[in-house]
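Order of listing sets the numbers, starting from 1, for every ligand and every atom in it.
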Amino acid sequence: MATKILKYTFAIFLILVLIVLLRAYLHQPDAYQAKISEPIIFDETKSINNLSRSIQFETISHPDYEKFDYDEFQRFLAWLEEEYFQVFKNLEKKYLGETLLLKWKGEDPSLDPILLTGHYDVVPVREDANSIWQEKPFSGKIDDEYVWGRGALDDKSGVIAILEAVDYLLTQDFVPNRTIYLSFGHDEEIGGRRGAGKVAEFLINEGVELEWTLDEGSFLLKDIIPGVNKPVAVINVAEKGSLTIEVIGKAEGGHSSMPSSNSSVGYLAEALLKLEDNPIPGKLEGISLGLFDEVSKQMPFQYKILFANLWLFEPVINSFLSNSPTMNAVIRTTTAPTMLSASNRINVLASEAKGTVNFRLHPRDNPETIVNFVNNLIGNENIEVKKLSSGTLASSVSDWDTDGYRVISNSVREVYGDIIVAPGLMVGGSDSKHYGKAAKNSYRFNPFPLSASELSGLHGIDERIKKEDFLNGIRSYIRIIQSGSI
Ligand SMILES: [Zn+2]
């Protein structure tokens, strides 16, 4: 009898192993045949010089709108009008503050327009940047391989590549079938209220509903996702929201010579530790599932075994992803204690100790669910939880089974060949939170390759873009406009 049970158990185990292996074996990417198309030939030196020139304008945005150097922004816009005179001659222009909106009228008014967008404001550089950067941050230096400077990746490369693409298509006498809007924001780095926010308002008032939008976002990532050799174009289909709360520990204050057994600082410390030890629930589903399903098809067999058998390995995968800060941010609302305050005297017990906690909201959560989670978790009557502002919700999640998504992914594949394309979640913010209000779907992707060594230049030091990568970005935008305007 016992041997019979053993035999059955063994047989069932064997069948399970076979199912697991078979599913891993069948976990293959869709066969993709890159379209062979005519090479796109344009004046590469001119394009690269224009990117360099654009970087030399110090269009730094500042949290205080009063402190903008608007003259510099105006000089940049005047240069655009002069350099891209052909674009300005053929497209209708409108300024909303220092944000530029261009409309390229399509032949078929029954088609909803699309929007290509970027921003030309940049974040500041540190004071000692001139001695720390390999090249001066606003030099726009061109060497054999790179164009250097603040904005080379974020996001003057996007703005200039879109304008170069439109300029090229105009010389080819291309006329879009669908109307195309171009928008270049001046305050994205501080939230985009006066730029993209006003553009979205304007479009809604005009009764425009955009079919889709393409804004900055992720890149064509090279050697950044572990275990994957091919470049991965991550097209972000949503961006996270944000909520900041104050956790306040309360106890009797007084002199430190006769403390009671519980202090406000102690209550606060306990509460913050609980928050750190108990992350907001999250798992592989929706966008992150779409991303890993695509990417894992190109991973070595041992990873395929895991990702092709979520029914069995989901807990293992979730804990594996939770241990990586980048992956963790994609699957859940993250919890980050940032500021602390209590007594300002060495010998005074604080009656209130305050901790600030910043959450980045996953699309599945909202400020109320987070505050409830925090209150239930802490469960201490000596702790008060207060929202510091109403918070911002994550954006809506755009559909990635659409013609717009396919236009972007096929265009990028045409230019770069054998790459992986997958949907993603943007953990930072972009102007798309505004544009999305006027659009059915919003995508966030820069069609430029980016390697790990270049990644640190984003808002950091030595920001630069490879010349070849920038030129291929222009080619990508040309293809996106050609196939997106049909
Ligand atoms: Zn940006």
Side-chain angles (χ1 to χ4, degrees), residues 51 54-55 57-63 65 68 72-73 76-77 80 97-101 115-126 137-138 140 147-163 182-200 213-221 224 233-242 326 329 360 392 394-395 408 424-436 442-450 454-465 469-470 473-474 476-477:
L51 174 62
S54 76
I55 290 169
F57 293 92
E58 300 191 20
T59 48
I60 301 166
S61 51
H62 191 281
Y65 278 101
F68 272 55
E72 186 72 349
F73 283 70
F76 174 81
L77 293 169
L80 281 190
E98 279 66 35
T99 287
L100 168 64
L101 178 66
L115 166 74
L116 302 185
T117 176
H119 65 91
Y120 70 94
D121 63 316
V122 294
V123 291
V125 294
R126 37 192 281 187
F138 293 101
V147 180
W148 293 78
R150 179 59 86 226
L153 290 168
D154 184 12
D155 177 35
K156 281 184 171 151
S157 47
V159 171
I160 300 300
I162 292 171
L163 284 166
L182 313 175
S183 180
F184 303 119
H186 74 285
D187 63 346
E188 188 278 339
E189 296 292 0
I190 57 160
R193 276 181 297 119
R194 296 196 183 174
K198 294 287 175 208
V199 170
T213 64
L214 176 60
D215 192 3
E216 63 167 348
S218 186
F219 288 77
L220 177 61
L221 305 177
I224 289 180
V234 179
I235 301 176
N236 288 331
V237 294
E239 66 190 71
K240 292 183 100 174
S242 173
T326 36
R360 294 304 170 102
T392 50
S395 71
I408 300 163
L425 173 64
M426 188 141 169
V427 296
S430 77
D431 270 343
S432 288
K433 60 180 162 289
H434 303 293
Y435 296 125
S442 296
Y443 305 110
R444 300 155 178 88
F445 174 68
N446 303 56
F448 309 107
L450 185 78
E454 290 148 7
L455 184 67
S456 56
L458 282 165
H459 292 206
I461 62 167
D462 288 339
E463 186 172 348
R464 63 197 186 276
I465 188 169
D469 293 347
F470 174 64
I474 297 173
S476 305
Y477 280 120

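Put simply, the residue from K156, E72, R150 that forms a side chain to side chain donor-acceptor pair (under 3.5 Å) with T59 is K156.
Residues that satisfy the side chain to side chain donor-acceptor pair (under 3.5 Å) test with R193, not counting sequence neighbours, are absent from this structure. E188 is linked by a side chain to side chain donor-acceptor pair (under 3.5 Å) to H119, counting only residues two or more places apart in sequence or in another chain. Evaluation of the salt bridge (Lys or Arg N to Asp or Glu O under 4.0 Å) rule for E216 yields no partner, not counting sequence neighbours.
The side-chain heavy atoms of L163 and L116, taken from C-beta on, include no pair separated by under 4.5 Å.
A distance-only check finds a donor-acceptor pair linking the side chain of E463 to the backbone of A152 [under 3.5 Å].
Around the Zn ion (ligand 1), protein N, O or S atoms at less than 2.8 Å number 4.
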